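Worksheet: the structure to be examined is printed underneath.
Keep in mind the model is a prediction, meaning the values are calculated, not measured. Just so we're on the same page: letters track the sequence lines, and every chain starts at 1.
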Protein chains: 2
Amino acid sequence: MWDETRNVRENSFGRMLHRLVRHMDDRMTAGLEDMGLNLSEFPVMMTVLERAPLTQVEIGKIYQRPAYVISRALDGLEQQGLIDRKPHPTSRRAHLISPTKAGMTLAPCLHELVKTCNAETLAPLSVGERDMMLRCLSKIVT
Amino acid sequence: MWDETRNVRENSFGRMLHRLVRHMDDRMTAGLEDMGLNLSEFPVMMTVLERAPLTQVEIGKIYQRPAYVISRALDGLEQQGLIDRKPHPTSRRAHLISPTKAGMTLAPCLHELVKTCNAETLAPLSVGERDMMLRCLSKIVT
DNA sequence: TCGCAACAATTGCAATTGCAATATTAGCAA
DNA sequence: TTGCTAATATTGCAATTGCAATTGTTGCGA
């Protein structure tokens, strides 16, 4: 009776995605531990390293998360001395976020971790399949 | 200086996956609201509908989540009268979980929702690309 | 049989997250 | 200028989640 339901959900796109993301998150969490970062701080730190100097709303736009998420992640990163909140030159309500010297030294490690994690995950696929996968993903991601 | 870092993370596999999953989760959350379910209860309810009767550890094995997650999701589902925790025939510590009559009526709706959500998400792809995508995903999902 | 480790499920408590308010500043229109 | 609305960032509080016990049960070996 439930065979049809089973067919729908079994190996459903959404189910597989969730599994995959959880797996990659675990992998990333382990890799980030050495650097003292957690999974919430990581994307914010990456954005700062990529685009600094920028404001917190700009980080939010890029990373597509509400302001309070950025605010809190930056709290953690600031406390570890990895980023600076400097006054914005033209607006007293905004902050300009930049990595500190210490923060910048993380860049190669993070860089490497991302590459490794993505590569490991995609390892079972052929080069052509990997390209296809990435192309299709960017087609369906907003 | 950070161009390389940007290249690595920009449209990185992991980043795109996270975006995609968040988007699908939002879509699912909206769809589930009509049925009074939330995103934690949904996969458990699906598993129960697909495989009942089964124990909570079995649900955990299938859905790959720790026991307490199942326990709490079932609390919610039971409170809404969608599932039953019956005594296990051979073990007094295990429960046998089954959908109630009310729970079973949800099956077609959930079924439809999953199909719609997956289809909408994959809509920008050609049929061939969709197949490829699903085949590749199942290759890399544990 | 007794004792003990493993198993199934639940729960207390701390950490994390999300929402809605708050404080402060900017810009603009009357 | 004054007053009002929007923008920027933060925070209080409630809801959710995760970890580490806890409860009750089973099976096994001494």
Side-chain angles (χ1 to χ4, degrees), chain A residues 18 21-23 25-30 32-33 36-45 47-48 51-80 83-98, chain B residues 18 21-23 25-30 32-33 36-45 47-48 51-80 83-98:
Chain A
H18 271 100
V21 165
R22 193 175 328 270
H23 178 260
D25 280 354
D26 290 347
R27 177 72 184 74
M28 285 299 292
T29 300
L32 289 168
E33 205 179 8
L37 293 189
N38 62 37
L39 213 48
S40 331
E41 293 162 345
F42 157 71
V44 175
M45 189 68 206
T47 307
V48 173
R51 311 287 185 93
L54 34 49
T55 66
Q56 305 189 192
V57 285
E58 287 173 327
I59 300 178
K61 288 250 171 54
I62 293 168
Y63 173 35
Q64 304 210 15
R65 306 256 55 209
Y68 71 84
V69 170
I70 313 299
S71 205
R72 283 178 181 150
L74 289 175
D75 287 347
L77 293 170
E78 192 175 33
Q79 214 153 25
Q80 297 177 65
I83 61 104
D84 267 337
R85 286 193 235 231
K86 295 173 199 130
H88 192 281
T90 68
S91 167
R92 273 194 298 167
R93 57 190 167 181
H95 295 154
L96 263 194
I97 311 298
S98 305
Chain B
H18 271 101
V21 165
R22 193 176 329 270
H23 179 260
D25 280 355
D26 291 345
R27 176 74 184 75
M28 284 299 292
T29 300
L32 289 168
E33 204 179 9
L37 293 189
N38 62 38
L39 213 49
S40 331
E41 293 162 345
F42 157 71
V44 175
M45 190 68 208
T47 307
V48 172
R51 311 287 185 94
L54 33 49
T55 67
Q56 306 189 190
V57 284
E58 286 172 326
I59 299 178
K61 288 249 170 54
I62 292 169
Y63 173 36
Q64 305 211 14
R65 308 254 55 211
Y68 71 84
V69 170
I70 314 299
S71 205
R72 283 179 181 150
L74 289 176
D75 286 348
L77 294 169
E78 192 175 33
Q79 214 153 26
Q80 297 176 67
I83 61 103
D84 266 338
R85 287 192 235 230
K86 294 174 201 129
H88 192 281
T90 67
S91 167
R92 271 194 298 166
R93 57 191 167 181
H95 296 155
L96 263 196
I97 312 298
S98 304

Query raised in the report: Are A:Thr55 and D:dT8 close enough that a side-chain N or O sits under 4.0 Å from OP1 or OP2?
Result: no
Query raised in the report: Side-chain contact, heavy-atom cut-off 4.5 Å: A:Leu54 with A:Thr47?
Result: yes
Query - Separation of D:dT8 P from A:Ile97 CD1 (nearest whole Å) - result: 13 Å
Query raised in the report: Can you find a side chain N or O atom of B:Arg72 that sits less than 4.0 Å from OP1 or OP2 on C:dT11?
Result: no
Query raised in the report: Any sub-3.5 Å donor-acceptor pair from A:Asn38's side-chain atoms to A:Ser40's backbone N or O?
Result: yes
Query raised in the report: Can you check the A:Leu96 CG to D:dT8 P distance for me, whole Å?
Result: 12 Å
Requested in this report: Would you tell me if any nitrogen or oxygen in the side chain of A:Ser40 comes within less than 4.0 Å of OP1 or OP2 on C:dT17?
Outcome: yes
Report task. Measure the distance from CG on B:Leu54 to P on C:dA9 and round it to the nearest whole Å. Result -> 10 Å
**Report entry** C:dC7 phosphate, OP1 or OP2, under 4.0 Å from B:Gln56 side-chain N/O
**Finding:** no
Query raised in the report: Is the closest side-chain donor-acceptor distance between B:His18 and A:Asp25 under 3.5 Å?
Result: yes
Report task. State which of C:dC7, C:dA26, D:dA9 makes the closest approach to the side chain of A:Ser91. Result -> C:dA26
Query raised in the report: Does the side chain of B:His88 get closer than 4.0 angstrom to OP1 or OP2 of C:dA9 through an N or O atom?
Result: no
Report summary line: Among D:dT8, D:dG24, C:dT17, the one nearest any side-chain atom of A:Ala94 is D:dT8
Query raised in the report: Distance check: side-chain N/O of B:Arg92 vs OP1/OP2 of D:dT23, anything under 4.0 Å?
Result: no
Query raised in the report: A:Thr90 or A:Asn38: which one's nearest nucleotide on DNA chain C is closer to the 5' end?
Result: A:Asn38
Query raised in the report: Between D:dT8 atom C1' and A:Tyr68 atom OH, what is the distance in whole Å?
Result: 16 Å
Query raised in the report: Atom CZ of A:Arg65 to atom P of C:dT16: distance rounded to whole Å?
Result: 16 Å
Report task. Ignoring hydrogens and angles, answer whether the base of D:dT8 and the side-chain atoms of A:Arg93 contain a donor-acceptor pair closer than 3.5 Å. Result -> no
**Report entry** salt bridge (charged side-chain N to carboxylate O under 4.0 Å, His left out) evaluation trace for A:Arg51 with A:Glu58
**Finding:** CA-CA 9 Å; A:Arg51 311 287 185 93; A:Glu58 287 173 327; over 6 Å; no
Query - Whichever of A:Glu58 and A:Arg22 has its nearest DNA chain D nucleotide further upstream toward 5' - result: A:Glu58
Requested in this report: Let me know the distance between NE2 of B:His95 and P of D:dG24, rounded to the nearest Å.
Outcome: 13 Å
Requested in this report: Mind listing the closest non-hydrogen atom pair of B:Leu96 and B:Pro89 along with its distance?
Outcome: CD1-CD, 3.7 Å
Report summary line: From CG of A:Asp25 across to P of D:dT17 the rounded distance in Å is 15 Å
Query raised in the report: Rounding to a whole Å, what distance do you find between B:Glu41:CD and D:dT16:P?
Result: 9 Å
